[in-house]
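First up is the structure itself, then whatever we jot down about it.
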Amino acid sequence: MQNKLDFLIERVQKQNPQANIRKIRAAYECAAAAHEGQKRRNGEPYIIHPVAVAEIVVEMGLDTDSICAALLHDCIEDTQFGYKEIENKFGTAVVELVDGVTRLGMLRYSKVQEQFEDLRKMFLAMAKDIRVILIKLADRLHNARTFQFLPERKQRDKALETMEIYAPIAHRLGMSRIKWELEDLSLRILDPIGYSEIVEGLKAQSEQHEEFLQRIRTRIGGKLHEAHIEHTISTRVKHIYSIYRKMYAQHKTINEIYDICAVRVIVDTVADCYNVLGYVHDLYKPIPGRFKDYISTPKPNGYQSLHTTVIGREGIPFEIQIRTTEMHKMAEYGVAAHWKYKQGLDKRGNEEAFAWIRQLLEAQQDTEAEDFIKNIKVDLFADEVFVFTPKGDVINMPAGATPIDLAYAIHSAVGNRMTGAKVNGRITPIDSQLKNGDIVEILTAKEARGPSRDWLKIVKTTEARSKIKQWFKKECREENIINGHEDLDRELRANLIYNGFYDNEEVQRNTLNKFSFSTLDELYAAIGYGGITLTKVINKVKDDVGKLRRQRELAERAEQPRTVEQPHKRVTKSATGIVVEGIENCLVKFARCCTPIPGDEVVGFVTRGYGVSIHRRDCVNVHIQEDPDRWVHAWWDEDLASANRSNRFSTGLQISTRSRIGVLSEVTTVLAACKINVHDMSARDLNDGYGVINAMVDVLSVHQLDNLISRLRSIKGVVDVTRTVDTN
């Protein structure tokens with residue numbers, strides 16, 4: 001192990017001559033003693049892992065305390081060496097870093113609810129001291145390099161966690177080298193076949209790529225020498241996950257992907273960057289729309305460079321990146337590249353550079369936990385656009401953001417007083433999407449009129465959505481209760497569970513307990529301001545009402561009610577398809593409340609002047625048992641199928657769907673393929689991406705209906721299909 005320590009010290013002295021070597025040696029000795037006898041899954045002594053993490057931290061250029069914390073980062077969690085011992089030996093700064101990394105290590109991707117809460121802790125730790133997440137990224141990088149020694153299931157869990165959480169965080173911090181390696185190592189586990197296909201494809205083309213890139217280096221280098229511009233040219237093949245993603249998005253094989261080569265030119269000054277760009281465009285034809293200037297408009301994570309995609313003589317496109325040496329360090333190591341501990345500044349980090357972390361946390365205060373992962377993907381990892389205020393300030397927003405998002409990004413009061421927007425001097429709809437370079441002026445009223453509820457469907461950012469919900473929650477409680485009550489009643493009726501909810505205290509109590517409300521008014525208010533989705537409430541009520549109905553049916557069957565007992569069927573013919581006991585050739589009509597069809601168990605009700613009304617035995621009107629003497633036994637004619645094939649019977653269907661373009665068309669296609677006549681059909685959207693289709697159809701029998709329902713349920717986007725029964 002002494003060789004490992006000597007190599008670490010040598011790298012520290014080379015990278016940071018001012019580092020406290022004595023303190024780093026003491027941290028190593030402490031970690032080695034704490035992990036004495038422990039082994040990693042590959043059989044190596046455990047101390048190899050902390051040393052490897054420390055080496056990555058050294059490569060990032062971090063300070064002495066960070067290196068010590070990297071060496072000690074597993075001591076609190078995995079050894080008897082505790083918080084106080086580290087604090088006494090190495091000081092408060094080191095122990096706080098170790099404690100922060102330990103807490104982040106508690107994140108578990110497989111336990112969804114806990115995962116979201118731990119993600120919040122992660123970002124809190126980042127906002128407090130960014131070194132914590134840098135050490136954690138180094139820890140995850142070394143673990144990713146040894147994924148293959150884990151059990152197969154754990155390999156996939158850890159790889160997915162790395163791809164979904166750690167690689168995007170590295171990207172957001174501008175640490176592209178670590179991001180690329182994390183993505184490639186994760187892909188090797190998640191899709192080993194796809195990974196191997198790309199690796200083998202790159203090997204097969206390696207000579208061709210090297211010759212191609214050498215010609216480019218020679219040509220560009222010669223031109224820059226003539227212009228007396230000091231430069232360094234490097235070439236590479238894009239990393240594996242980048243190629244994989246392009247193959248997947250474009251449905252191509254690796255042999256059909258051409259722009260997998262990249263060239264980087266590093267110069268001394270910004271002026272030289274633009275001069276090199278001119279020479280490159282003289283040598284190669286640029287592809288329109290593929291030039292990006294991140295020098296004049298840097299990315300939020302500090303990344304700066306010129307990007308241009310050009311076509312060589314061979315007709316193969318390739319990307320050229322042009323940047324200064326300082327820009328290159330920033331691109332490789334992100335926030336760690338210009339780490340302020342080198343300048344001895346305050347440890348809390350640059351307030352402006354890391355303001356996005358605190359903004360994210362503030363926006364999550366009223367967000368349901370299961371929505372958090374979706375929101376961080378939108379807010380942290382989406383493509384961004386840069387817009388200008390009339391004063392010339394640059395504000396970055398997620399791609400697809402609207403003027404409403406911008407208004408709330410400026411200030412809550414601006415959003416609440418917003419009445420319209422001007423983009424590039426022209427009045428623009430508030431739901432229009434902002435584009436790079438737009439000059440946006442938010443028009444406001446003197447007094448806050450408040451946002452519209454429709455804005456919740458328009459806005460892109462979590463911050464805007466959260467502030468709109470907060471306004472409705474605070475300012476419009478009575479209105480929220482009324483609107484929420486109306487919305488809930490409408491959906492209860494649409495799903496035929498209105499009476500099932502309001503006539504049963506147990507269903508109401510279960511629903512309130514499920515969502516932690518004390519009264520119905522609290523539930524209505526939450527629905528009104530968007531704090532809880534209608535879909536979740538309706539699904540809970542459906543489950544409870546369905547359970548109670550099934551319990552009631554089982555109890556009634558056990559009691560064997562007289563009106564629904566089925567007698568021995570006598571052989572009788574009927575022109576209508578229904579035989580009524582004791583009545584020959586009577587007038588028969590089928591009840592609209594339950595729309596019975598051949599195959600259903602039925603019972604008859606003698607009406608006054610309109611013959612016998614035929615109901616399904618499970619119809620709610622049968623269970624009411626009004627005038628029991630007027631209920632009579634009835635059954636389907638046994639020869640109905642052979643004697644009257646042209647008879648078709650109407651029944652209702654309710655098709656619950658997720659909102660998806662084309663789902664209604666596919667439903668009608670299935671109905672036509674099954675040769676089903678449709679009397680009436682209507683469709684409407686519900687909240688949160690769901691919809692419902694109601695249809696009245698003609699069928700021959702229950703068997704044909706069951707087949708139709710099975711076909712409909714197989715359609716992508718169809719959640720469930722049920723026969724409609726009037727329960728009101």
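Bear in mind the structure is a predicted one, so any value in this text is a computation, not a measurement.
Side-chain contact annotation: Y83 with D99, donor-acceptor N/O pair under 3.5 Å absent. Remark: the T146 side chain and the R41 side chain contain no N/O donor-acceptor pair separated by less than 3.5 Å. In summary, the side chains of R323 and Y303 do present a donor paired with an acceptor at a separation below 3.5 Å, with no hydrogens or angles considered. Between the side chains of D139 and H49, at least one donor N or O lies within less than 3.5 Å of an accepting N or O. With no hydrogens or angles considered, a side-chain donor-acceptor pair links D293 and S296 at under 3.5 Å. A donor and an acceptor atom, one from each side chain of E319 and Q321, are located under 3.5 Å apart. No side-chain donor from either of N16 and R11 sits under 3.5 Å from a side-chain acceptor of the other.
Remark: the backbone N or O of A70 is paired with a side-chain donor or acceptor of H73 at under 3.5 angstrom. In this structure, S242 contributes its side chain and K238 its backbone to no donor-acceptor pair below 3.5 Å. No donor-acceptor pair closer than 3.5 Å links the side chain of S66 to the backbone N or O of L62.
The minimum heavy-atom distance linking A93 with D65 is given by the pair CB-OD2, 3.5 Å. Of all the heavy atoms in H209 and C261, the pair that sits closest is CD2-SG, 3.8 Å. Looking at every heavy atom in both residues, V12 comes nearest to A19 through CG1-CB, 3.5 Å. When all heavy atoms of A138 and M60 are compared, the pair lying nearest together is CB-CE, 4.1 Å. Heavy-atom minimum distance, A27 versus L71: CB-CD1, 4.0 Å. In terms of heavy atoms, T309 sits closest to P317 at CG2-CB, 4.3 Å.
By the 4.5 Å heavy-atom criterion applied to side chains, D272 and I322 are not counted as neighbours. For the pair F90 and L72, the minimum side-chain heavy-atom distance is below 4.5 Å. Looking at M327 and I295, their side chains come closer than 4.5 Å, going by heavy atoms from C-beta outward. Using a 4.5 Å heavy-atom cutoff, the side chains of T461 and P398 are in contact. Under the 4.5 Å side-chain criterion, counting only non-hydrogen atoms from C-beta, H307 is not in contact with F291. Side chains of H225 and H231 form a contact here, defined as non-hydrogen atoms less than 4.5 Å apart. The shortest distance between side-chain heavy atoms of Y28 and I47 falls below 4.5 Å. The shortest side-chain heavy-atom distance between M247 and I198 falls under the 4.5 Å cut-off.
The OG atom of S305 lies 11.0 Å from the CD1 atom of I320; values are rounded to the nearest 0.5 Å. The structure places CD of E55 at 11.5 Å from CG of L141, a figure rounded to the nearest 0.5 Å. Between the OG1 atom in T389 and the CG atom in L406 there is a gap of 8.5 Å [rounded to 0.5 Å]. For the atom pair OH of Y166 and CZ of R140, the computed distance is 4.5 Å after rounding to the nearest 0.5 Å. Here the straight-line distance linking atom CG of L190 with atom CD of Q155 works out to 10.0 Å at 0.5 Å rounding. Considering CZ of R25 and SG of C68, their distance stands at 12.5 Å, rounded to 0.5 Å.
Heavy atoms of other residues, nucleotides or ligands lying less than 6.0 angstrom from NZ of K299 number more than 12. Within 6.0 Å of atom CD in Q214, more than 12 heavy atoms from other residues, nucleotides or ligands are found, so the atom counts as buried in its surroundings. The number of heavy-atom neighbours closer than 6.0 Å to NZ of K23, taken from other residues, nucleotides and ligands shown, is above 12. The environment of CD in Q148 is crowded: more than 12 heavy-atom neighbours from other residues, nucleotides or ligands sit within 6.0 Å.
Salt bridge absent: D405 and R465 never bring a charged side-chain N and a carboxylate O closer than 4.0 Å. A salt bridge does not link R156 to E152: none of the charged side-chain nitrogens sits closer than 4.0 Å to a carboxylate oxygen.
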Should D74 and Y46 be marked as a side-chain contact (heavy atoms from CB on, under 4.5 Å) after you check the CA-CA gap, both sets of side-chain angles, and the distance that decides it? CA-CA 10 Å; D74 277 336; Y46 195 90; 2.5 Å; yes
Would you sort out whether T308 and L277 count as a side-chain contact (heavy atoms from CB on, under 4.5 Å), showing the intermediate values? CA-CA 8 Å; T308 183; L277 178 68; 3.9 Å; yes
Could you go through M175 and L134, starting from their C-alpha distance and side-chain angles, then the distance that decides it, and tell me whether this counts as side-chain contact (heavy atoms from CB on, under 4.5 Å)? CA-CA 10 Å; M175 308 175 76; L134 297 179; 3.4 Å; yes
Kindly determine whether T324 and D268 satisfy side-chain contact (heavy atoms from CB on, under 4.5 Å), including the steps that lead there. CA-CA 5 Å; T324 66; D268 293 333; over 6 Å; no
For the pair E210 and R217, evaluate salt bridge (Lys or Arg N to Asp or Glu O under 4.0 Å) and give the outcome as yes or no after the intermediate values. CA-CA 10 Å; E210 180 55 36; R217 283 195 296 267; 2.8 Å; yes
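Legend: side-chain hydrogen bond (donor to acceptor under 3.5 Å, both in side chains) pairs involving residues 174-186, not counting sequence neighbours, sorted by first then second residue: E59-R177, R145-E181, R177-E332, R177-Y333, K179-E183, E183-H239.
Considering only residues two or more places apart in sequence or on other chains, E200 meets the side-chain contact (heavy atoms from CB on, under 4.5 Å) condition with K203. Every side-chain contact (heavy atoms from CB on, under 4.5 Å) that A144 has, sequence neighbours left out, goes to F147, L182, L185.
Each of Y244, Y248, Y241 was checked for a side-chain hydrogen bond (donor to acceptor under 3.5 Å, both in side chains) with D191, and the lone residue meeting it is Y244. When the options E44, K39, R40 are evaluated for a side-chain hydrogen bond (donor to acceptor under 3.5 Å, both in side chains) with N42, the one that passes is E44.
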